[in-house]
2 protein chains.
Amino acid sequence: MAENHRTMPTRDQLRIWRDYIETAQALSTSLGSRLQSESSLSTGDYQVLLALTEAPQHTLRSSELATLIGWERSRLSHHLGRMEKRHLIRRVPCADDVHGVDVTATESGRAAFRAGSVPHLRAVRELFVEALTPEQLAHLDNTSAALRRHLGVDAPVAKERAT
Amino acid sequence: MAENHRTMPTRDQLRIWRDYIETAQALSTSLGSRLQSESSLSTGDYQVLLALTEAPQHTLRSSELATLIGWERSRLSHHLGRMEKRHLIRRVPCADDVHGVDVTATESGRAAFRAGSVPHLRAVRELFVEALTPEQLAHLDNTSAALRRHLGVDAPVAKERAT
DNA sequence: GTTGCAGCATTGACATGTCAATTCGGAAGG
DNA sequence: CCTTCCGAATTGACATGTCAATGCTGCAAC
């Protein structure tokens, strides 16, 4: 009793939260715009092409791809539509499964990925890895894991309850 | 020489990077959807209303507001347009400056902010603060600061060079 | 067999972001 | 006076995300 005012973060905790989230977003934006200018790929394109490039035949079922990169189906569908227009990938109805689509990285998609990959990884190193000491990296690893564990338990996005 | 192959992150560093960025995004999304369902405000709305609520007369010049919350002008303009349609804010041409617009939080905007604020802060505590030990929080604070310092030096978004 | 549900993918409507013009009116230089 | 430039803000075109329908087809219950 008399201590439920502890439901709100302190001023300092709030500052740390904002710094955390803004820093991550700034980094992500910066990496994304570098990638864009160096290869005409967005980070979304990059994730998709990374998964496809590593898959046998450069091909994955749409739903597997969604699971692999952790996207919602509809987001992936929209994105694949845009990528198909730019000839980065191709979609063909899948033979074995009547429903289901095979997504394949085209030659030009794979070329764009190869072109973007090296500068992108270099940028990750320059903007992220080199900013931190090995200890900071290790702490950050722990911290991210703790946050994800907590989030997974606490907020499973309410996608359950299908009965 | 013979060591410039160190321009790329190791497998582990890359994993930490991806975990970091994906965790931050997942948290941000989760907080955002809570806020949305509890107050019909997006995180963007929240940032804008927070700044305005704390300002004298609940009013700020558009450009000051942009600087305060760190948004690009055009982004703010679009967002204010949407918020104005929902009667959360009002825009009036500024008296002293011929160019320039005063942005004011309406009564209903302030009410929405008050309604969203407490649950939002509670969510920050639940999803972020409570997931971490005090040491982890402190480390994270350092780490964010290091990343921002490095980013600021390395990639000032190329907005300089006005002469 | 037909009814209806379940699973995979797409679609449409709309919110949000970025980038490159564009508008607008005052200040400078001629 | 006229041209040019500048700064504040907006606009338009388009990329990206989310949410709630919608198509489509097999399979299971009846």
Side-chain angles (χ1 to χ4, degrees), chain A residues 22 25-26 28-37 39-48 60-67 69-86 88-103 157-159 161-163, chain B residues 22 25-26 28-37 40-48 60-67 69-86 88-103 157-159 162-163:
Chain A
E22 280 165 20
Q25 262 158 17
S28 170
T29 301
S30 188
L31 263 284
S33 80
R34 281 207 189 195
L35 182 61
Q36 186 83 62
S37 68
S39 67
S40 304
L41 295 177
S42 69
T43 59
D45 302 334
Y46 189 86
Q47 284 180 83
V48 168
L60 285 172
R61 283 285 299 282
S62 175
S63 48
E64 296 177 309
L65 179 53
T67 305
I69 62 182
W71 286 10
E72 295 195 4
R73 278 124 152 328
S74 111
R75 175 181 176 188
L76 182 60
S77 203
H78 281 302
H79 204 96
L80 290 180
R82 291 186 294 260
M83 289 181 75
E84 198 165 30
K85 252 182 223 141
R86 295 190 289 144
L88 295 171
I89 57 109
R90 212 175 315 112
R91 280 188 287 196
V92 279
C94 178
D96 12 339
D97 239 323
V98 186
H99 323 293
V101 174
D102 278 339
V103 184
V157 200
K159 283 257 148 81
R161 202 122 295 237
T163 303
Chain B
E22 280 164 21
Q25 263 159 18
S28 170
T29 301
S30 188
L31 263 285
S33 81
R34 282 207 189 195
L35 182 61
Q36 185 84 61
S37 68
S40 302
L41 295 178
S42 68
T43 59
D45 302 335
Y46 189 86
Q47 284 180 83
V48 167
L60 285 171
R61 283 285 299 282
S62 175
S63 49
E64 295 177 311
L65 179 53
T67 305
I69 62 183
W71 285 12
E72 294 195 6
R73 298 332 224 18
S74 114
R75 176 181 175 186
L76 182 59
S77 201
H78 282 301
H79 204 95
L80 290 180
R82 291 186 296 259
M83 290 181 75
E84 199 166 30
K85 252 182 225 141
R86 295 190 288 146
L88 296 172
I89 56 110
R90 213 176 316 108
R91 278 186 289 194
V92 279
C94 178
D96 12 339
D97 239 325
V98 187
H99 321 294
V101 174
D102 276 339
V103 184
V157 201
K159 283 255 148 84
T163 305

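The chains referred to below are lettered A, B, ... by the order of the sequence lines, with proteins before strands, and numbering in each begins at 1. Bear in mind the structure is a predicted one, so any value in this text is a computation, not a measurement.
- Of the side-chain N and O atoms in B:Ser33, none sit less than 4.0 angstrom from OP1 or OP2 of D:dT18.
- Nearer the 5' end of DNA chain C, as judged by each residue's closest nucleotide, is the contact made by A:Asp97, out of A:Asp97 and B:Gly44.
- A:Arg82 has a side-chain polar atom (N or O) that falls below the 4.0 Å cut-off from OP1 or OP2 of D:dT16.
- To the nearest angstrom, C1' of D:dT16 lies 13 Å from NZ of A:Lys85.
- One finds the CD1 atom of B:Ile89 at 11.0 Å from the CZ atom of B:Arg82 (value rounded to the nearest 0.5 Å).
- For the OP1/OP2 pair of C:dA20 and a distance below 4.0 Å, the side-chain nitrogens and oxygens of B:Ser74 include no atom meeting the criterion.
- For B:His78 against C:dT18, a side-chain N or O and a base N or O form a donor-acceptor pair under 3.5 Å.
- Between B:Asp45 and B:Ser42, some side-chain heavy-atom pair lies under the 4.5 Å cut-off.
- Atom C1' of nucleotide D:dA15 and atom NE2 of A:His79 are separated by 9 Å, given to the nearest angstrom.
- Here C:dA9 presents its C1' atom at 10 Å from CZ of A:Arg61, a figure rounded to the nearest Å.
- Residues A:His99 and A:Ser63 fail the side-chain proximity criterion, which asks for heavy atoms closer than 4.5 Å.
- Using a 4.0 Å heavy-atom criterion, one finds that A:Ser62 contacts the sugar-phosphate atoms exclusively.
- In this structure, A:Leu41 places its CG atom 14 Å from C1' of D:dA15, rounding to the nearest Å.
- Rounded to whole Å, the distance from CZ on B:Arg75 to C1' on C:dA20 is 18 Å.
- The CD-C1' distance, from A:Gln25 to C:dG17, rounds to 12 Å in whole Å.
- The interatomic distance linking B:Leu76 (CG) with C:dT16 (P) rounds to 13 Å, in whole Å.
- Between the CG atom of B:Leu65 and the P atom of D:dT10 there is a distance of 11 Å, given to the nearest Å.
- The phosphate of D:dA15 (OP1 or OP2) has no side-chain N or O of A:Arg86 nearer than 4.0 angstrom.
- Dashed line: the shortest gap from a side-chain N or O of B:Ser63 to OP1 or OP2 of D:dA9 is under 4.0 Å.
- Using a 4.5 Å heavy-atom cutoff, the side chains of A:Leu80 and A:Val48 are in contact.
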Checklist entry - Could you go step by step and tell me if B:Val103 and B:Arg61 meet the side-chain contact (heavy atoms from CB on, under 4.5 Å) rule? => result CA-CA 6 Å; B:Val103 184; B:Arg61 283 285 299 282; over 6 Å; no
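- Taking the nucleotide of DNA chain D with the nearest heavy atom to each of A:Thr43 and B:Val101, the more 5' of the two is matched to B:Val101.
- For B:Ser77, the side-chain atoms get nearest to D:dT10 when compared with the rest of D:dT10, C:dT11, D:dT16.
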